[in-house]
Amino acid sequence: MEAQAQGLLETEALQGRDDDTVASADFSSMLSEEEREELKAELVQLEDEIATLRQVLSAKERHLVEIKQKLGMNLMNELKQNFSRSWYDVQTTTAYKKTHETLSHAGQKATAAFSNVGTAISKKFGDMRSHSIGYSIRHSISMPAMRNSPTFKSFEERVETTVTSLKVFFRRRRYEEAKEE
């Protein structure tokens with residue numbers, strides 16, 4: 001009710017319904033003939049300036065295209081340059097560097113783990129072959145017996161150790177990254 005106390009002078013911005021009211025109001029009856037003529041002349045001048053600016057912009061755009069053609073620049077080259085620039089920007093961020101470093105380190109760990117597993121498998125199969133000369137693995141030992149063998153137990157322990165190490169590594173890494181944030 002503060003607006004009533006102030007009378008017709010309100011200091012608040014127009015609201016949505018106020019905009020509609022202003023747009024539908026006919027102020028032409030409040031204008032003198034001279035003011036109306038001045039506004040019409042200003043309107044014509046503004047329309048002419050807008051048309052001129054559009055023509056100038058169009059001419060400048062054509063000139064831009066001509067220069068790019070002379071320089072051998074086309075849309076595909078621009079896209080390649082933008083992509084290269086964006087990829088470089090991504091690669092220089094600390095998030096990318098940390099992620100790359102983490103994945104590289106994890107890849108090295110995984111490679112080492114798989115190498116150890118492969119070596120263990122080869123060694124165990126070699127041990128099995130030496131124990132069953134002349135027979136195939138399938139004929140020399142049954143699956144339940146193989147699972148209970150010291151060789152299989154040793155292999156199983158190595159795999160479990162490797163998996164546990166990888167889990168611990170990734171948990172630590174996540175903890176460190178969360179701590180840095």
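Atoms considered below: every heavy atom in the structure, side chains included; atoms not considered: hydrogens, waters and symmetry mates. This one's a predicted model, so the numbers in the text were calculated from it and none came from an experiment. Each residue takes its place number in the sequence, starting with 1.
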Rounded to the nearest 0.5 Å, what separation is found between the CG atom of Leu43 and the CD atom of Glu38? 13.5 Å

Once side-chain contact (heavy atoms from CB on, under 4.5 Å) is applied, do any residues pair with Arg62, and if so which ones, sequence neighbours excluded? Ser58, Ala59

Hits for side-chain contact (heavy atoms from CB on, under 4.5 Å) against Lys167, two or more places apart or cross-chain, chain-then-number order -> Val163, Arg171

Quick check for you: to the nearest 0.5 Å, what is the distance between Thr93 atom OG1 and Lys98 atom NZ? 10.5 Å

side-chain contact (heavy atoms from CB on, under 4.5 Å) against Glu157, all qualifying residues, sequence neighbours excluded: none

Should side-chain heavy atoms under 4.5 Å link Ile, Leu, Val, Met, Phe, Trp and Tyr, which residues sit in the same cluster as Tyr96? Trp87, Val90

Qualifying side chain to side chain donor-acceptor pair (under 3.5 Å) pairs with a residue from residues 100-114, counting only residues at least two apart or across chains: Thr102-Arg173

Residues passing the ring pair (Phe, Tyr, Trp, His ring centres under 6.0 Å) test with Phe170, sequence neighbours excluded, are none

Residues which pass side chain to side chain donor-acceptor pair (under 3.5 Å) with Lys68, listed by chain and number, not counting sequence neighbours: Glu78

Applying side chain to side chain donor-acceptor pair (under 3.5 Å), can you list everything that pairs with Arg172, at least two apart in sequence or on another chain? none

Working to the nearest 0.5 angstrom, can you tell me the gap between Glu37 CD and Leu31 CG? 11.0 Å

Gln45: partners by side chain to side chain donor-acceptor pair (under 3.5 Å), with sequence neighbours left out: Glu49

Above 12 or not: heavy atoms from other molecules or residues under 6.0 Å from CD of Glu160? yes

Taking atom CD of Glu42 as the centre, does the number of heavy atoms from other residues, nucleotides or ligands within less than 6.0 Å exceed 12? no

Could you work out, with salt bridge (charged side-chain N to carboxylate O under 4.0 Å, His left out) as the rule, every residue matching Glu33, not counting sequence neighbours? Arg36

Partners passing side-chain contact (heavy atoms from CB on, under 4.5 Å) against Val44 (at least two apart in sequence or in another chain): Asp48

For Asn82, all residues meeting side chain to side chain donor-acceptor pair (under 3.5 Å), sequence neighbours excluded: Arg85

